[in-house]
Amino acid sequence: MKTTLLTPETDENAVKTAAELIRAGEVVGMPTETVYGLAANALNGEAVKKIFLAKGRPQDNPLIVHIADFEQIYDLCPAVPPQAKLLADAFWPGPLTMIFPKKDIVPYGTTGGLDTVAVRMPVDPVANCLIHLAGVPIAAPSANSSGRPSPTKAEHVIEDMDGKIEMIIDGGAVGIGVESTIVDVSGEIPTLLRPGAITIEMLRETVGQVEIDPAIQGPMAANVKPKAPGMKYRHYAPKAELVLVEEKNPETKEVISDRVIEEINLLAKSRLDQGQKVGIICTEETRDCYPQGMVRSLGFRSRPETIAHNLFAVLREFDDLDVDCIYSESFSKDHLGQAIMNRLTKAAGYHILDVKEEV
Ligand code: AMP
Ligand code: MG
């Protein structure tokens, strides 16, 4: 299959062509404000199968269904609980996904066999226009091959999907850079299943009590079934071993100190001495502190949105550079930091080194 790349900025038919492909049961790469998605008609079981095939995604890992107007939600679920309505009023269109009981019309292929469906209304104008023109709700997981870091640029989608899907819409670099916040609103108390740009602080300010699924906090025990099936899979992972280095200080909440920098430099030197290629992940504030290794800054520690924006692109860059290991600074888990640290700790396979515990 030849994959066509079209840019709406220079080709006025780009989104229309993508919408026709979706109506014909094909798969298209589309930009959203969070990460690029692999889009297909959510109500067409055969079309949805093609998404799983292109990604190499396990069949029990459900897809998020994207809508363009609030009313479209009643095509997918029988009722919207009051708390979900409050959250939709506050954060839709935007990077928030909510889990509802599903209607029969939504195929089990889309929901990974679950009786619930994940729904989001993206704010990205290209995604919004595509859903409108397609005239159907659009199932779209992140447009990476399963297990790889999510794509934040059209080039990343080409890397993973060239020859596997009909078309990619190039909408430039995405704004946010980490996947949507997921909240289960099918029970009495809303539960956060995946942190994102709509933070737990923002959710609680809107609806009061919100619980946090234990799968977010750390590695899952083998016998525990996570509420978001995707949480059990290795994710966002670069090919190289990634280690997060931090110094926890509960009083100041700081996780970076001179000792962290010193430790990363020591670890990097010992690997470099063995002839290995070493990547270092830091920030603009500290990039001059690392004299050796391939040093990449994620952005400004003082502006977490810059860190989220660049995180996956830097992990992919280290894949291209074929590094043997990566040492990364840690981040505070407040606000957007919760999403950043969730992705980084998963990418590191929960390998975190606290320099305080070192002798
Ligand atoms: P992705 O679109 O690749 O970011 O993955 C979608 C995520 O949404 C996966 O981690 C799923 O586990 C989660 N998800 C989708 N549908 C449901 C659902 N019905 N219940 C719980 N989690 C869901
Ligand atoms: Mg994904």
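In each ligand, atom 1 is the first atom listed, and ligand 1 is the first ligand listed.
- On a distance-only criterion, Lys55 and ligand 1 share no N/O pair closer than 3.5 Å.
- Taking every non-hydrogen atom of Arg194 and a distance limit under 4.0 Å, the qualifying atoms of ligand 1 come out as 1 (P), 4 (O), 5 (O), 7 (C).
- Distances from atom 6 (C) of ligand 1 to the heavy atoms of Glu179, His66, Arg57 put Arg57 nearest.
- The contact set between ligand 1 and Leu114, taken as ligand atoms under 4.0 Å from a residue heavy atom, comprises 18 (C), 19 (N), 20 (N).
- Residue contacts with ligand 1, taken as heavy atom pairs separated by less than 4.0 Å, involve Asn61 solely via side-chain atoms from C-beta onward.
- Of all the heavy atoms of Thr116, the ones lying under 4.0 Å from any atom of ligand 1 are found in both the backbone and the side chain.
- Salt-bridge annotation for Arg148 and Asp160: present, with a side-chain N of the basic residue lying under 4.0 Å from a carboxylate O of the acidic one.
- Under 4.0 Å from ligand 1, not a single heavy atom of Lys102 appears.
- Between Tyr108 and Asp115, the side chains place a donor N or O and an acceptor N or O closer than 3.5 Å (distance only, hydrogens not considered).
- Arg303 and Glu285 are not joined by a salt bridge, as no carboxylate oxygen comes within less than 4.0 angstrom of a charged side-chain nitrogen.
- Ion pair Arg316/Glu159 flagged as a salt bridge, since at least one NZ, NE, NH1 or NH2 atom sits closer than 4.0 Å to an Asp/Glu carboxylate oxygen.
- When heavy-atom distances to ligand 1 are checked against a 4.0 Å cut-off, Asp184 has no atom that comes that close, whether in backbone or side chain.
- Between Glu262 and Arg259 there is no salt bridge, since none of the side-chain N atoms of the basic residue sits less than 4.0 Å from a carboxylate O of the acidic one.
- For the 3.5 Å distance criterion, the side chains of Tyr290 and Glu329 qualify, holding a donor opposite an acceptor.
- The distance from ligand 1 to the heavy atoms of Ile182 drops below 4.0 Å at these ligand atoms: 7 (C), 8 (O), 13 (C).
- Note on Arg194 versus Asp213: no salt bridge recorded, every NZ/NE/NH1/NH2 to OD/OE distance being 4.0 Å or above.
- The pair Glu211-Arg204 does not count as a salt bridge, with every side-chain nitrogen at least 4.0 angstrom from each carboxylate oxygen.
- Among the atoms of Ser146, no N, O or S atom is found under 2.8 Å from the Mg ion (ligand 2).
- In terms of N/O distances under 3.5 Å, ligand 1 is approached by Ser142.
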